[in-house]
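Throughout, a chain's letter reflects where its sequence line sits, starting with A, and its residues are numbered from 1. What's counted below: heavy atoms across the whole structure, side chains too, no hydrogens, waters or symmetry copies.
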Amino acid sequence: MAQPLIKKDDDRDDEAEYSPFLGIEKGAVLQEARVFNDPQLDPRRCSQVITKLLYLLNQGETFTKIEATEVFFAVTKLFQSKDTGLRRMVYLMIKELSPSADEVIIVTSSLMKDMNSKTDMYRANAIRVLCRITDGTLLTQIERYLKQAIVDKNPVVASAALVSGIHLLQTNPEIVKRWSNEVQEAVQSRAALVQFHALALLHQIRQNDRLAVSKLVSNLTRGTVRSPLAQCLLIRYISQVIRESGSTQTGDRPFYDYLEGCLRHKAEMVIFEAARAITELSGVTSRELTPAITVLQLFLSSSKPVLRFAAVRTLNKVAMTHPMAVTNCNIDMESLISDQNRSIATLAITTLLKTGNESSVDRLMKQITNFMSDIADEFKIVVVEAIRSLCLKFPLKYRSLMNFLSNILREEGGFEYKKAIVDSIVILIRDIPDAKESGLLHLCEFIEDCEFTYLSTQILHFLGVEGPKTSDPSKYIRYIYNRVILENATVRASAVSTLAKFGAMVDSLKPRIFTLLRRCLFDSDDEVRDRATLYLEMLGGDGEIVETQKDVKEFLFGSLDVPLSNLETSLKNYEPSEEPFDINSVPKEVKSQPLAEKKAPNKKPTGLGAPATEPSSGIDAYEKLLSSIPEFSSFGKLFKSSAPVELTEAETEYAVNVVKHIFDGHVVFQYNCTNTIPEQLLENVTVIVDPSEAEEFAEVASRPLRSLPYDSPGQTFVAFQKPEGVPAVGKFSNILRFIVKEVDPSTGEAEEDGVEDEYQLEDLEIVAADYMLKVGVSNFRNAWETMGPDFEKVDEYGLGPRESLVEAVNAVINLLGMQPCEGTEVVPSNSRSHTCLLSGVFIGNVKVLVRLQFGLDSNREVAMKLAVRSADEAVSDTIHEIVASG
Amino acid sequence: MGQAFRKLFDAFFGNTEMRFMKLVGFNVEKVQYKNVIFTVWDVGGQEKLRPLWRHYFNNTDGLIYVVDSLDRERIGKARQEFQAIINDPFMLNSVILVFANKQDLKGAMTPLEVCEGLGLFELKNRKWHIQGTCALKGDGLYEGLDWLSSTLKEVRAAGYSSVGTSSF
């Protein structure tokens with residue numbers, strides 16, 4: 001977990017006070033720069049002025065074109081001075097000013113002269129500057145000198161040439177690649193710096209050739225790399241080679257011995273680099289991990305903060321995947337909670353929270369409470385997030401964790417911090433039913449004294465959703481109505497909506513709610529009055545008390561079935577006219593997600609933000625959408641909609657993803673298409689689906705998309721019939737067919753005539769997991785006992801040789817598409833056996849529970865015992881069939 | 001023509017180590033000659049460098065302008081650049097020394113012809129001198145520099161003077 005390294009503000013103030021440059025001004029310094037033009041130069045004074053100029057540039061000050069030109073030419077005049085200190089400043093200044101190409105040529109000759117001078121300092125720096133300003137043609141002219149410089153006996157000169165090579169490789173790779181021999185020679189240099197830079201350049205030259213990199217690495221592990229920095233690089237390259245060599249071979253891991261040897265190196269940075277490399281090996285075993293953890297543990301008690309930080313940060317990462325391996329360090333880490341360095345302390349805390357077991361939670365919480373008061377908000381957020389995941393891991397401990405959260409919620413803190421706490425409480429309320437009532441009350445208390453309008457409105461909305469479902473909804477009313485009396489207009493309006501929700505959902509509260517709402521009719525803000533009037537009208541507050549009708553509820557509190565961003569775009573495009581805005585014209589589909597976004601690691605559970613975005617992709621919205629299409633209205637109730645599956649690569653002409661909608665006897669493919677070419681309009685878009693590898697499916701309907709303009713997503717559907725209740729599987733190939741019309745980009749008008757065209761999409765599969773809904777149970781053992789052994793089916797399977805148990809467990813979970821319960825999807829590192837509990841609902845609304853027991857023998861053969869309980873014998877058998885055929 | 005000028009100065013400064021194909025940019029040297037310390041800005045004459053010359057005009061006491069006497073065709077262009085330099089506000093007070101180079105070669109313009117070509121006779125209130133030279137042998141070089149140092153001594157009582165030079 002990356003820690004934001006933010007200095008405390010007061011630190012920075014201290015620094016500024018002692019800065020000799022405090023308060024210097026660009027205009028004044030530019031005036032001073034006139035001394036560069038003096039016939040009799042004062043090198044000392046010139047150096048000082050350049051220092052000021054450099055300071056300004058580094059502070060982000062910019063010079064206008066004229067200013068830069070003036071300073072640059074004035075600086076070039078300093079070449080007449082033979083003062084070496086001043087010359088060095090001149091080099092720096094030329095580099096920092098980076099003047100335009102047509103001006104900078106003026107110093108070429110002078111730099112070339114310096115590059116061949118007898119003064120090593122001139123040579124090294126001239127090389128750096130020259131390489132910075134050079135272009136391809138000049139580079140070929142000076143190439144000879146650079147090659148010589150790489151093998152120069154002066155390390156400063158050689159390093160300068162090598163580093164320049166690293167930069168030049170970006171712009172002129174073909175030239176730099178010709179220097180391989182010289183660079184290779186430099187790798188053998190006795191000078192540490194040269195060896196380091198040479199290795200970096202050599203690797204970059206060869207980086208696209210896996211074989212060459214691997215050869216380079218194995219040669220160097222045999223030879224002697226003296227420079228610790230170079231050895232760190234080597235370790236990184238080794239990690240890369242190990243990663244790329246794949247995980248095919250069993251036996252000993254290549255290069256592991258070398259890495260392990262590095263743990264005994266005398267330089268700490270090498271030790272650390274090796275330890276980190278070992279912890280990051282894919283599928284690392286505990287035998288491999290142990291020596292690395294041992295040295296990291298030693299670092300934890302080092303007197304150097306940087307080592308403590310590095311070690312605890314690495315251990316923090318290890319704790320995510322191998323919590324057991326880190327437990328040995330827990331004692332050392334507990335002492336780090338009081339570390340002066342807050343980054344170290346925070347990392348120690350969060351690591352402990354990850355590795356701790358249920359019994360240590362209370363003790364840890366006590367320690368954290370003391371610690372919270374003296375860390376910055378950024379760190380507090382990290383701690384809150386760690387506590388949230390801890391709570392989800394040990395639901396029984398929710399009471400102390402919820403207490404902790406409510407306590408810190410009462411303390412001072414900024415918006416982000418408060419939001420993190422509120423989000424955590426919301427998630428706990430959602431996932432731990434027992435925590436609901438106390439959590440809601442904590443939130444109520446919080447809004448009594450909350451300075452953030454955003455949080456208040458979000459909490460009020462959440463209260464409106466969850467409050468009416470509790471055993472005693474009336475106790476929340478007071479908190480909500482207090483908002484109407486005490487807060488600003490935005491919060492008051494939200495509170496009115498929340499009150500109305502209580503009124504709509506809880507009939508017994510209606511009369512009282514109406515009274516309160518009527519009081520709001522005299523509010524000073526029109527939005528508040530409008531809302532109150534609307535709710536009173538719709539809920540029938542003008543007289544008799546009737547049960548609120550379903551469509552009224554839907555109208556008032558239902559979610560919009562269009563994505564907000566699409567609605568916003570459509571509203572912006574709408575021009576006021578006789579014709580009213582038609583909400584049906586808003587595209588319903590979310591834009592196909594760019595690949596980058598999808599790659600983002602599993603989204604963190606979002607708290608309050610989530611309900612607002614979910615309806616657009618949630619099953620409700622899909623159901624509404626599908627039932628509005630006549631061809632599909634007879635299919636019955638939608639059982640499951642899959643997540644969108646991309647059928648195109650990122651950044652192709654047309655982006656298409658598909659959502660699989662599973663009905664009892666039908667399957668509907670919803671193809672979400674986006675046209676990314678501004679010069680094209682697509683019409684009559686259909687997907688031709690070939691079910692030749694899906695025998696049990698027969699196409700029954702298809703709904704083309706009439707028009708697909710640029711960057712405005714649209715959908716086309718294809719429906720298949722399949723045997724009812726049977727989890728039929730198959731593979732479908734897809735071709736996008738359409739009529740393409742050229743669009744004039746300047747006018748946006750499409751041509752009359754179009755051309756028919758096709759576009760090959762990737763195949764799509766219906767798998768057994770598509771017929772399974774992930775539905776968790778809070779207490780698996782209870783559920784298992786309740787289900788009873790009537791339809792229990794048990795069998796054993798051999799899964800063949802596997803790299804690890806983790807892989808086998810994940811494979812089976814994915815195959816079945818069920819919800820892992822009680823955190824059993826996490827396999828402790830290197831365990832030889834594991835039990836995994838799964839629950840789900842199978843098509844036909846049959847509840848299914850699965851207990852998987854895995855064992856690993858000495859030949860890495862995995863055996864699995866599968867026990868299924870469900871309400872239907874056939875389904876239990878089906879689960880076994882799925883596993884047997886998977 | 002940087003080449004020719006370099007040879008000229010090799011003769012003057014003794015052989016420097018540097019032998020580049022072309023002078024891209026400038027070189028600056030301090031040279032003492034007859035009690036006068038010259039800071040010589042040797043500026044390359046390539047087309048793309050010419051717009052940059054003006055940045056070195058300020059504080060210039062003297063201009064040495066080297067002309068290829070053999071190149072009759074481009075004397076017009078040489079005149080244009082020359083006039084642009086000497087009429088620059090920063091150069092109005094500088095003295096002018098023109099080397100009519102390559103006098104050893106057949107068909108070269110005489111110094112008088114070069115004078116006419118550059119328009120030296122039309123100059124008013126300027127101190128100028130033309131000198132025929134042969135850079136390869138160093139002929140005429142010292143005569144020119146003698147003129148320059150004595151003229152500058154006249155202009156300034158003593159001390160440093162910087163001399164801007166340009167080859168074309």
For A:Glu143, enumerate each residue passing the side chain to side chain donor-acceptor pair (under 3.5 Å) test, keeping only those at least two apart in sequence or located in another chain.
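For A:Glu143 the side chain to side chain donor-acceptor pair (under 3.5 Å) partners, ignoring immediate neighbours, are A:Arg178, A:Trp179.
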Which residues in residues 77-96 of chain A have a heavy atom less than 4.5 Å from any heavy atom of chain B?
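The residues closer than 4.5 Å to chain B, in numerical order, are A:Lys77, A:Phe79, A:Gln80.
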Tabulate, in ascending numerical order, the residues of residues 44-76 of chain A having at least one heavy atom closer than 4.5 Å to a heavy atom of chain B, or enter 'none'.
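A:Thr69, A:Phe73, A:Thr76, listed by number.
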Do you know which two heavy atoms are closest between B:Ala78 and B:Tyr65, and how far apart they sit?
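Closest approach of B:Ala78 to B:Tyr65, heavy atoms only: O-OH, 2.9 Å.
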Minimum heavy-atom separation for A:Ser227 and A:Gln195, please, with both atom names.
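What the structure gives for the nearest pair is N-OE1, 2.9 Å.
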All N/O donor-acceptor pairs, side-chain side in residues 156-172 of chain A, below 3.5 Å, sequence neighbours left out:
{"residue": "A:Ser159", "atom": "OG", "partner": "A:His197", "partner atom": "ND1", "Å": "2.9"}
{"residue": "A:Ser164", "atom": "OG", "partner": "A:Ala160", "partner atom": "O", "Å": "2.8"}
{"residue": "A:Thr171", "atom": "OG1", "partner": "A:Leu168", "partner atom": "O", "Å": "3.2"}

Answer yes or no: are there more than 12 heavy-atom neighbours, outside B:Phe90 itself, under 6.0 Å from its atom CZ?
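12 or below, so no.
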Surrounding NZ of B:Lys127 (heavy atoms of other residues, nucleotides or ligands, distance under 6.0 Å), is the total greater than 12?
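Open.
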Does the plane of the ring in B:Trp128 sit parallel, tilted or perpendicular to the ring in B:Phe121? Use 30° and 60° as the thresholds.
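Perpendicular: the ring planes of B:Trp128 and B:Phe121 meet at over 60°.
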Side-chain donor or acceptor of [X] paired with backbone N/O of [Y] under 3.5 Å:
X	Y	value
B:Thr60	B:Phe57	yes
B:Gln131	B:Pro111	no
B:Arg72	B:Gly107	yes

Using non-hydrogen atoms and a 4.5 Å limit, figure out which bit of A:Asn37 sits close to chain B: side chain, backbone, both or neither.
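Contact with chain B is through both the backbone and side chain of A:Asn37.
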